[in-house]
Amino acid sequence: MRATATLQATDNALLDDSSISNNGPAAGHRLLAPSFPIMSQQSNSQENSTSLKGNSRDGSNGGTGTSTSSLTNAGPSSDGQFWNSTQRLAKKYRTEVAASASSVLSTMSTFPLDSVKTRMQTYKYAGFVDCVKQTYHTEKLRGFFRGVTAPMLSITAVRTVSFSIYQRSKYAYSDWVKRNFGFDVMKHVASHGSLPNFWTVATFGAAGATAGSCITLIACPFELTKLSAQVSVLMADKKNCLKPGSHAIAASYQNKGTLKTMGNIVKHRGLGGLYTGFGLHLTRDTLGTAMYFITYESSKQLLTTFGGDGTHNNPFAVLIAGGMCGIVSWALIYPVDSAKSIYQRNSLMYSKGEKVEPVKIRFFQRNMYRGLGVSMARSCAVNAVFFSSFEFLKKRIKAMEDH
């Protein structure tokens, strides 16, 4: 009877293996303790070892196995979530991301041409080569990069905001045209073999004008600061002063950084002085940006159609269209830009409250087109680089896969 009871107890212990796994070694010890003390200890040790191994394998219970599993899974999961969030944000704001990066690249690579253009607008030189020679002779290589910080900040911010506003305005105006006149502008532009028409030109022009008028509020103070830095050495020369008392004011702008130049403008002309020439700037940017986007979108559409390539963002078409939009827009608004530059330069030699003579916009007068060739070459290079980079980055960001 005792042997039978012992066998039954052993069978019960073996059948109750789940209780060992779930309740720990102590439960098994209690079952076997009355009959086989020595076997009980060995069985308990083996079961304890098996339980720990099981835990470390499947991580189902507490202890070392669970902690290791948690730590192993937490790292990659956290990194993966961060990367997915970054990708989603980049995709959502791909226009802004691509515009910012492309703006930095295009501005740095072509800034010397912008510096020469401003000098030729505001002072007399025999020509492009003469301006380059005199600038290098008096200011060395640094002279071509004076004021680069201001446009690096402003142009990047302006282009990012401008393209964001333009994209949203373009689709908003396109929807309005579709609702009221039954013509789908965006579908027409994307279709193979399409040509520009009244509705496409009007939509792109209106969207461009909207973007241009909005960005003037951001761009005006930075562009005034850039101009001051570019011509500060020339302004400090007594022979270039407009009146005897203006030399001290003009000389105070020399060899100053962006923030110090802004502070100097506020000191002499008040806070509103940062928006000196705002009306001319608004006119230039509204008209210029409208023509800029009309030319870019229409040229890209034409080049895509006649190039025999159905790809809307064909790299060659983007490169040529980018260069053309800079040339055409500057040719249209250059006298306005010249008047703005001359008026702003003159204003920097006056204190707050002193009257500055207005500068009239004169189209087709030679003196208003000084530096046009340089400006068109610079704009062609800037926009060819910018749009090629912009379309490439935007396409790559859009193609990123979520993980």
Side-chain angles (χ1 to χ4, degrees), residues 103-155 219 222-242 246-262 264-265 276-277 281 284 326-327 330-331 334-349 359 366-386:
S103 182
V104 172
L105 175 64
S106 60
T107 301
M108 280 297 294
S109 60
T110 59
F111 190 77
L113 288 173
D114 183 71
S115 185
V116 172
K117 182 268 297 184
T118 302
R119 290 165 184 265
M120 291 182 70
Q121 280 182 319
T122 51
Y123 293 95
K124 290 184 179 180
Y125 290 94
F128 172 75
V129 176
D130 180 52
C131 181
V132 171
K133 283 182 177 179
Q134 289 197 39
T135 301
Y136 184 77
H137 179 72
T138 56
E139 303 173 54
K140 302 303 177 187
L141 194 62
R142 184 182 177 184
F144 296 100
F145 287 92
R146 285 188 186 278
V148 71
T149 306
M152 280 292 289
L153 296 173
S154 66
I155 293 175
F222 285 99
E223 194 154 324
L224 178 63
T225 304
K226 179 198 74 171
L227 180 140
S228 170
Q230 287 176 329
V231 300
S232 60
V233 174
L234 295 168
M235 283 197 308
D237 193 335
K238 287 185 178 181
K239 68 180 181 182
N240 293 324
C241 292
L242 300 175
S246 64
H247 177 259
I249 298 172
S252 68
Y253 288 98
Q254 193 171 359
N255 297 322
K256 282 184 167 58
T258 301
L259 294 177
K260 287 185 178 180
T261 298
M262 283 186 170
N264 207 40
I265 293 171
T276 298
H281 198 146
R284 185 201 72 176
I327 292 172
W330 272 112
Y334 199 78
V336 181
D337 185 63
S338 290
K340 177 195 77 72
S341 296
I342 294 168
Y343 179 77
Q344 287 179 328
R345 181 214 52 189
N346 293 346
S347 298
L348 292 173
M349 300 186 191
V359 178
R366 188 169 181 175
N367 67 314
M368 299 301 285
Y369 289 90
R370 288 199 303 259
L372 175 60
V374 180
S375 183
M376 290 173 75
R378 180 199 70 85
S379 186
C380 179
V382 165
N383 289 291
V385 172
F386 174 81

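Just so it is clear, the structure is predicted and the values come from calculations on it, not from any experiment. All heavy atoms count here, side chains included; hydrogens, waters and symmetry mates do not.
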- If you look at every heavy atom in Ser338 and Met368, which pair is closest and at what distance? OG-O, 2.9 Å
- Item | Heavy-atom closest pair, residues Leu372 and Ala331 | CD1-CA, 4.5 Å
- Does any non-hydrogen side-chain atom of Leu105 lie less than 4.5 Å from one of Val385? yes
- Here the pair of heavy atoms bringing Gly143 nearest to Ser115 is O-OG, 3.6 Å
- Message: Using every non-hydrogen atom in the two residues, find where Tyr369 and Pro335 come nearest and quote the distance to one decimal.
- Response: OH-CG, 3.2 Å
- Message: Looking at Ser379, is its backbone amide N or carbonyl O close enough to the side chain of Asn383 to form a donor-acceptor pair, meaning the two atoms are under 3.5 Å apart?
- Response: yes
- Message: To the nearest 0.5 Å, what is the distance between OG1 on Thr276 and CG on Leu348?
- Response: 7.0 Å
- Message: Check for me whether Lys140 meets the cation-pi criterion with Tyr136, that is, NZ or CZ under 6.0 Å from the six-membered ring centre and within 45 degrees of the ring axis.
- Response: yes
- Message: Under the criterion side-chain contact (heavy atoms from CB on, under 4.5 Å), I'd like the reasoning laid out for Lys133 against Tyr125: C-alpha separation, chi angles, the key distance, then a yes or no.
- Response: CA-CA 10 Å; Lys133 283 182 177 179; Tyr125 290 94; over 6 Å; no
- Message: Restricting to side-chain hydrogen bond (donor to acceptor under 3.5 Å, both in side chains), what partner residues turn up for Gln134, sequence neighbours left out?
- Response: Asp130
- Beyond-backbone contact of Leu227 with Ser341, side-chain heavy atoms, under 4.5 angstrom: yes
- Message: With no hydrogens and no angle check, just 3.5 Å: does a side-chain donor-acceptor pair link Asp114 and Thr110?
- Response: no
- Message: The test is side-chain contact (heavy atoms from CB on, under 4.5 Å); show your working for Tyr123 and Thr118 and say whether it passes.
- Response: CA-CA 9 Å; Tyr123 293 95; Thr118 302; over 6 Å; no
- Item | Phe386 and Ser103, any side-chain heavy atoms less than 4.5 Å apart | yes
- Item | Heavy-atom check, side chain of Glu139 versus side chain of Phe145, under 4.5 Å | no
- Start with the C-alpha gap between Phe144 and Val132, add the side-chain angles, then the distance that decides, and say whether side-chain contact (heavy atoms from CB on, under 4.5 Å) holds. CA-CA 9 Å; Phe144 296 100; Val132 171; 3.8 Å; yes
- Beyond-backbone contact of Arg378 with Trp330, side-chain heavy atoms, under 4.5 angstrom: yes
- Message: Would Arg370 pass as a cation-pi partner of Tyr334, given that its NZ or CZ must be under 6.0 Å from the six-membered ring centre and within 45 degrees of the axis?
- Response: no
- Quick one: list whatever passes side-chain hydrogen bond (donor to acceptor under 3.5 Å, both in side chains) with Thr261, sequence neighbours left out. none
- Item | Any donor-acceptor N/O pair, Ser228 side chain to Leu224 backbone, under 3.5 Å | no
- Item | Taking every non-hydrogen atom, the tightest pair across Cys131 and Arg119 | SG-CB, 3.9 Å
- Item | Contacts of Arg284 that satisfy salt bridge (Lys or Arg N to Asp or Glu O under 4.0 Å) - sequence neighbours left out | Glu223, Asp337
